[in-house]
Amino acid sequence: ENLIMAVSDPYAGRPADALKDEGNKMFSAGHFKEAVELYSRALDIDPTNKILYSNRSFANLRLENFGLAIADASECLKLDPKFVKGYYRRASANLALSKFAEALRDFAEAVKLEPSSKEARDKYDQCKAAVTRARFEAAISMDHDRKPLSETIDLESMAIGSDYKGLMLPPTLTSEAVQQMLEEFKQQRKIHKRFVTQILLEAKKVLANHKNLVEINVTTENELTVCGDVHGQYYDLLNIWQLNGLPSEKNMYLFNGDFVDRGSFSAEVIIALLAWKVLYPNSFFLARGNHESRSMNKMYGFEGEIKAKYSETIYELFQEVFDALPLGHIITNGTKKILVVHGGLFSKDGIKLEEIQKIDRFREPPQEGLMAELLWADPQPQNGRLPSKRGVGFSFGPDVTHRFLNDNGLAMVIRSHEVKQLGYEYEADNRLITIFSAPNYCDQVGNKGAFIRFGIDLEPNITSFDAVPHPAVKPMSYANPLFSM
């Protein structure tokens, strides 16, 4: 038996350096999970190797396992307090978690260690600017007397110059107009910022009127399709509608957060989704993900993309819209109920749906509490709870899932937030489904995407699909340069 296991394991008996080299190959190919596993095996053999901790930290950073990335970088720095990359890794993870003071401290340390390094100085200056901006944004958000930007914009004063030859959207959207806009985006043409603003203002009004948990009624007259993370992969989004039909009052959709970031067509994705929401406010649904936030957008590309394609004002309007997004949905056929949230469940038992309805959602997501857990939590195979590898929220076991569902009279919970090789995964005795709709995530992972279609019986009918070609704009093209360390 041992011989069979050794033969089936191509890495058995290999030295730590060889495992590190294989891990580096996996990292370069975008297989970050496999890279983490190989670095871990190498560390079992050579537990005092700072390079292995640094590399594993970087791979965990790519997987958004910020908590693990910080822990590995810290271990690396214990072994060698002068290892500059360790400070870069830890600073990047803290930046992603909006822990700006901690990030700035590490960048300052890197400058001390390499005072003649232009890269170290540039990273420090960029981080300092980010800290200053974050403090300004935090101060603005606490100014309750300040009018929201959306209430100060005069749409009629936004003139469309004679040099604009693009699509003209009507004052009231129609299905035909939205489809024309989808085609414009497909051809890599932008629409005028007045029309983007129009969609944003209307979408905010619609979303702000929703409760934190929105009820979706599936009847004999309609069907509902639930999609997971799209992450700026516009051409794969179009493929979903090609495979499953365009949105309509009878062909309902729920997109379960993380519309933006990483993929470099996030603007096209979110404008398209919001346009359908404006057109079909009661049959097209959007939930907030952890990437619909300033802290994520600052690092993973959405902020850079919107400022490059449109303007800072439009980026700020997007943030107002993100703050209005509901936190989840309850699908019902009158007797059976399914909860849909982006991340997962809670750090303690006894949470009722009524408590979720009382959350103040109109803000930047916090780092702890019910709202953070809804956006960040992940399931785990073992019972109980553990601190999250991501650094925010918790991991929860099947026993936690069963108790929550039973306490709230729910049949199932659907969540997204994690890449799955087939685009979906059942857990907790089939009472939890993860759904992920970005195939070949970041052009590297090689996974399928998936969506779930529900009829009146609310039995999940899952379709997996492959990635489709897209123009030669790489993922993360608009990401913060602080992230590329």
Side-chain angles (χ1 to χ4, degrees), residues 29-34 62-65 223-247 251-266 269-270 272-273 285-287 289-292 300 328-329 331 338-344 375-381 390 401 412-455 458-470 475:
H31 302 311
F32 304 121
K33 186 176 179 183
E34 291 82 358
R62 294 296 196 201
L63 289 167
E64 296 187 25
N65 295 338
E223 292 196 348
L224 172 70
T225 299
V226 179
C227 300
D229 302 36
V230 177
H231 275 302
Q233 295 185 197
Y234 179 69
Y235 295 83
D236 294 308
L237 174 64
L238 292 182
N239 189 40
I240 291 173
W241 292 326
Q242 182 72 33
L243 294 170
N244 193 58
L246 287 170
N251 193 30
M252 302 192 296
Y253 278 90
L254 162 56
F255 283 85
N256 194 32
D258 280 14
F259 321 122
V260 302
D261 280 340
R262 292 192 178 270
S264 295
F265 302 95
S266 291
V269 166
I270 187 60
L273 294 175
F285 302 94
L286 300 171
N290 63 303
H291 274 267
E292 278 69 58
Y300 287 93
H329 294 79
I331 307 170
I338 296 171
L339 177 68
V340 188
V341 296
H342 178 72
L375 300 183
W376 281 90
D378 294 301
Q380 63 182 25
R390 297 177 187 266
T401 300
M412 176 186 288
V413 59
I414 296 171
R415 44 88 62 180
S416 302
H417 194 41
E418 284 184 288
V419 182
K420 298 297 176 183
Q421 205 56 34
L422 295 175
Y424 70 94
E425 183 173 84
Y426 280 91
E427 295 178 69
D429 302 316
N430 293 342
R431 296 188 75 188
L432 182 149
I433 304 176
T434 296
I435 192 75
F436 192 85
S437 303
N440 195 25
Y441 186 38
C442 293
D443 285 358
Q444 291 180 315
V445 178
N447 61 293
K448 290 180 180 288
F451 53 80
I452 312 173
R453 194 170 175 95
F454 288 101
L458 291 196
E459 290 299 318
N461 181 4
I462 299 178
T463 300
S464 285
F465 59 95
D466 292 315
V468 296
H470 65 75

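Counting begins at 1 with the first residue of the sequence.
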If only atom types and distance count, is the side chain of [X] paired as donor or acceptor with the main-chain N or O of [Y] below 3.5 Å?
X: N251; Y: L246; value: yes
X: D258; Y: V230; value: no
X: N256; Y: A287; value: no
X: E223; Y: M252; value: no

Which pair of non-hydrogen atoms, one from [X] and one from [Y], has the smallest distance, and what is that distance?
X: F465; Y: L243; answer: CB-CD1, 3.6 Å
X: P439; Y: G449; answer: CB-N, 3.4 Å
X: D261; Y: H291; answer: OD2-ND1, 2.7 Å
X: I414; Y: I435; answer: CG2-CG2, 4.0 Å
X: S416; Y: G228; answer: OG-CA, 3.4 Å
X: P379; Y: E427; answer: CG-OE2, 3.5 Å

Distance check, rounded to the nearest 0.5 Å: [X] atom [atom1] versus [Y] atom [atom2]?
X: L286; Y: I270; atom1: CG; atom2: CD1; answer: 6.5 Å
X: Q233; Y: S264; atom1: CD; atom2: OG; answer: 10.0 Å
X: Y424; Y: S464; atom1: OH; atom2: OG; answer: 5.0 Å
X: F32; Y: N65; atom1: CZ; atom2: CG; answer: 12.0 Å

Fill in: Passing candidate, side-chain hydrogen bond (donor to acceptor under 3.5 Å, both in side chains) with R453, options N461, N244, T463
N244
Fill in: From D236, D443, N440, residue fulfilling side-chain hydrogen bond (donor to acceptor under 3.5 Å, both in side chains) relative to H470
D443
Fill in: Pair L237-F265, side chain to side chain contact (heavy atoms under 4.5 Å, CB included): steps then yes or no
CA-CA 10 Å; L237 174 64; F265 302 95; over 6 Å; no
Min side-chain heavy-atom separation [X]-[Y] under 4.5 Å:
X: I331; Y: V226; answer: yes
X: H342; Y: D229; answer: yes
X: V413; Y: I338; answer: no

Discussion item. If we count only N and O atoms by modelled type, under 3.5 Å, do the side chains of R262 and Y441 hold a donor and an acceptor together?
Written reply: yes
Worksheet item: Do you see a donor-acceptor pair shorter than 3.5 Å between the side chains of H417 and E64?
Response: no
Worksheet item: Under 4.0 Å between a Lys/Arg side-chain N and an Asp/Glu carboxylate O for E425 and R415?
Response: no
Worksheet item: Would you call the rings of F436 and H231 parallel, tilted or perpendicular if under 30° counts as parallel and over 60° as perpendicular?
Response: tilted
Discussion item. Classify the ring geometry of Y253 against F255: parallel below 30°, tilted from 30° to 60°, perpendicular beyond 60°.
Written reply: parallel
Discussion item. Does atom CD (Q242) have a neighbourhood of more than 12 heavy atoms from anything else shown, all under 6.0 Å?
Written reply: no
